[in-house]
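One structure is given below, encoded as structure tokens.
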Amino acid sequence: MRWSQFFIPTTKESPKDATAASHILMLRAGLIRQLAAGIYSYLPLGYRTLRKVAEIVRQEMNRAGAVELNMPVLQPVDLWEQTGRTAAMGDVLLRLRPIHSGDHSDWRSHTVLGPTHEEVVTEIARAYLNSYKQLPITLYQIQVKFRGEARPKSGVLRTREFLMKDAYSFDADTAGLDLSYQKMYDAYCRIFSRCGLPYVAVEADTGAIGGDVSHEFMVLTDAGEDTVAISESGDYAANTERATAFFDASHEATRPRSHTEQEPAEGEAPAEPLREVHTPGAGRVDDVCKLLGTAPAQMIKTLIYTGTYPTNPSNATQPSNATQPSNATQPSNATRPSNATRPSPDRKGGVSSQSAPATDIAPTIRLVVLVRGDHEINEIKLRKAAEAACGQMGLTLELADPRTIEGLTGAAVGFAGPQGLAARFRQGDLLLIDRDVTRMRSAASGANRTDYHVTGVTPGRDFPLETPPGAAFVVAVADIRMVVDGDRSPTGSGAPIRLKTAIEVGHVFKLGTKYSQSMDATFLTREGKPHPFVMGCYGIGVNRIIAAAIESNHDANGIIWPLSIAPFEVLIVALDPKDEHVMQTAASLHDQLEAAGAEALLDDRDERAGFKFKDADLIGIPLRVVVGKKSLADGVVEFSRRRDGEKRLLAPAAAVAEVLSQRTP
RNA sequence: CGGGGUGUAGCUCAGCCUGGUUUAGAGCGCCUGGUUCGGGACCAGGAGGUCGCAGGUUCAAAUCCUGUCACCCCGACCA
């Protein structure tokens, strides 16, 4: 390919608000062009790389035995109702608008742009996979996806339209799923290695997609939006959404000595007595520490949440300002009784009204949450712990408003403490205690009196660690905090955990029967009994691979493509294109390399040398041959690699041989 | 969704606060001619803008006001 006949709109400048290296370089190198927020065109150079990445993915998926198909972008919303994910996806699900608003007879009213394809693929499985003999099978596609991202950012890292490889495995049982999962996991490792990505696989939360086991494939770079916890010895790696720190459960030093929060076991406690201290205006941990002369690790942070159960999972009655479109109103198939397999045709939430018996009693509860002053609450863990504690799924948590807090604690926001609070609990309220808090003695906390704190707070004595017999509220101890840098690996190795930001390029899930059950997708077992498919799903963000590859392969001058995904493998720069000898030699090199199967780009533009070198560095083609008048007079050309820039003078024929040997190591 | 910011030439931006000497500017890029020619050259000339859109105030609006749309940033949210 000749540069002069191709289309590579490079620029010297980039928008000020592009901060991620990959974003800046993709714009400057002419790989992409933004059309709207989170919507990009792939220009010829960028598209070549996109196709190369997709091809690597395809090869490895095929190698792993997966079978490619293509599913529609346009999907009937009815399918999403069957799995309850219209509500779960919320605004992320893009819907078509009817021509006349409110016209339900218009097909557009019932059609969405697919953000993922679990429902569609399960529908296919339901139709055609009837027997255990057809299992296992993994289907995949490489296809555009649409999501109503509230805030696209960082160029191609977070967009409303993107290319994704999504695969779905169908097995007869969980043992089969384990195998299918492992195959995909291994394929992912090969894919990311081949793409030149320094990746790490971490344990992950399953989020709205559901399922139990999940791993994310992460590329460590500051441009990422995720934070992962990785132990220094490498024996533990997890997304901080899920990461947990070492906790020595054998320590029984501070088990509760009293079940009744009102009566501390006197005489038995060597801990200091409670003492109130005037701390005017100090509502934040740091301020209080200064006043009390203590450290955040010696404080108990008391946060009040309100929890709401799903009263109606259809979108009809959602409060307009209910900021949680996520899993809030997802009907929990797990807890639904025997009608689970019946698809719900109704759009008014009739099914779900049967699923939450406690709903009528307490649609809203209050949660008092305790963590150490130097720890932060992990709301994902918190929600799971809360759901476990009250036996209700689909809980929505929000930090309580000041009125609720004052009503519960009798003090202004910032002065809440656990001691004595239990007496103020209502039916259904929760006291959730981070397990690290149970190890504290004589801690400081709010006094439940404005402008006062207390010292000497001791778990078990001053507040209960278990639900007192006959109490209307529930007390639970759990791991509900974010890990912090320096925590120890939960494996017990003692290795310190470090937190790093990362780009998620792939995600694998064990779904189990979540979708097959709710969609009634079954096969017949050897015994002739219907059984729901045991499913897994596996995603790769193709565009993100490109961004991640650039993040981890660039320098001050531009991109340094890994050979495997470079838009071209070799760039021949004709320095004096008007010089016939130079141009002939360069063209001949280019033709020979192409004939040998190499992807060659010939810079035949009539530009100054410096200009062309800058462009060459910017677009980052890994191999380079420079043909110039001077060196050609000596019968040589210059071979170099973008990565190290080391020049070697070679005869043209030798340069061809060198390039060809470099591309097949 | 909450908070903040920005819309002026293909790109990056100045001008706006304090309305009128601004015929709306600069740099980059583009076109023409010339000089250059191994790390984003120089000189001369030139093309290119409904100042996001719609109202309003005013003798007069890129500039002030209102509305609206778009984009960006922080947060919330997020397979």
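Letters go in sequence order (proteins before strands), and every chain restarts at 1.
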| message | Using a 4.0 Å heavy-atom cut-off, does A:Pro152 contact any base of the nucleic acid, only the sugar-phosphate backbone, or nothing at all? | response | sugar-phosphate
| What is the nucleic acid contact for A:Pro15, judged by heavy atoms within less than 4.0 Å: base, sugar-phosphate only, or nothing? | sugar-phosphate
| query | Expressed in whole Å, how much space separates the C1' atoms belonging to B:rG25 and B:rG49? | reply | 11 Å
| request: Measure from CZ on A:Arg544 to P on B:rC78 and round the result to the nearest Å. | output: 14 Å
| query | Rounding to the closest angstrom, what is the interatomic distance between B:rC43 and B:rG29 at atom P? | reply | 12 Å
| message | Just to verify, what does A:Phe192 make a ring-ring contact (aromatic ring centres under 6.0 Å, His included) with, not counting sequence neighbours? | response | A:Tyr188, A:Tyr199, A:Phe217
| query | Rounded to whole angstroms, how far apart are CD on A:Glu398 and P on B:rG75? | reply | 19 Å
| message | Work out how far the P atom of B:rC64 is from that of B:rU8, and round it to whole angstrom. | response | 16 Å
| said: Going by the rule ring-ring contact (aromatic ring centres under 6.0 Å, His included), which residues pair with A:His590 if we only count those two or more places apart in sequence or in a different chain? | reply: none
| task | Describe the nucleic acid contact of A:Ala36 in one word from base, sugar-phosphate, nothing, applying a heavy-atom distance below 4.0 Å. | result | sugar-phosphate
| query | Quantified in whole Å, what is the P atom distance between nucleotide B:rU12 and nucleotide B:rC72? | reply | 12 Å
| said: From the set B:rC77, B:rC72, B:rA76, return the single nucleotide nearest to any side-chain atom of A:Ala37. | reply: B:rC72
| message | Distance check, P atoms only: B:rC42 and B:rG4, in whole angstrom units. | response | 44 Å
| query | Under 4.0 Å between a Lys/Arg side-chain N and an Asp/Glu carboxylate O for A:Arg481 and A:Glu376? | reply | no
| Base, sugar-phosphate alone, or nothing: which one does A:Gln34 contact when heavy atoms must sit under 4.0 Å apart? | sugar-phosphate
| remark: B/S/- along nucleotides 26-39 of chain B (protein heavy atoms under 4.0 Å) is -B--------BSBB
| request: Using side chain to side chain contact (heavy atoms under 4.5 Å, CB included) as the criterion, list what pairs up with A:Arg151, not counting sequence neighbours. | output: A:Lys153
| Rounded distance (Å) that lies between atom C1' of B:rC71 and atom CZ of A:Arg160 | 11 Å
| note | Ranking B:rC71, B:rC74, B:rG40 by distance to the side chain of A:Leu618, first place goes to B:rG40
| field | side chain to side chain donor-acceptor pair (under 3.5 Å) against A:Asp186, all qualifying residues, sequence neighbours excluded | value | A:Gln182
| Nearest-Å distance once atom C1' is located in both B:rA47 and B:rC59 | 35 Å
| What distance, rounded to whole Å, do you find between the two P atoms, one in B:rA54 and one in B:rC69? | 15 Å
| message | Using a strict threshold of under 4.0 Å (side-chain N to carboxylate O), is an ion pair present between A:Arg648 and A:Glu638? | response | no
| said: Could you tell me how far apart A:Glu149 (CD) and B:rC72 (P) are, to the nearest whole angstrom? | reply: 13 Å
| request: Using whole Å, report how far CG of A:Leu93 lies from C1' of B:rA79. | output: 13 Å
| field | Option from A:Arg242, A:Lys381, A:Lys384, A:Arg383 for which salt bridge (charged side-chain N to carboxylate O under 4.0 Å, His left out) with A:Asp205 holds | value | A:Lys384
| remark: Judged by nearest nucleotide, the residue sitting upstream toward the 5' end of RNA chain B, A:Thr116 or A:Gly38, is A:Gly38
| query | A:Ala223: what forms a side chain to side chain contact (heavy atoms under 4.5 Å, CB included) with it, not counting sequence neighbours? | reply | A:Ala20, A:Leu157, A:Thr221, A:Glu551
| task | Check the distance between B:rC78's P and A:Glu225's CD and give it to me in whole angstrom. | result | 13 Å
| request: Tell me which of A:His23 and A:Arg28 sits closer to the 5' end of RNA chain B, going by the nucleotide each one is nearest to. | output: A:Arg28
| request: For B:rC53 versus B:rA61, give the span between their P atoms, rounded off to a whole number of Å. | output: 15 Å
| Watson-Crick or G-U wobble partner of B:rC77, both distances under 3.5 Å | none
| query | Which word best sums up how the rings of A:Tyr538 and A:Tyr181 line up, parallel for under 30°, tilted for 30 to 60°, or perpendicular for over 60°? | reply | tilted
| said: Output the rounded distance in Å from CZ (A:Arg151) to C1' (B:rA76). | reply: 10 Å
| message | Partner lookup for B:rC17, please. Criteria are Watson-Crick or G-U wobble with both distances under 3.5 angstrom; report none if nothing qualifies. | response | none
| Rounded to whole angstrom units, what separation is found between the CZ atom of A:Arg605 and the C1' atom of B:rA41? | 16 Å
| said: Would the base of B:rC78 count as contacting A:Arg158 through its side chain, where contact means a donor and an acceptor less than 3.5 Å apart? | reply: yes
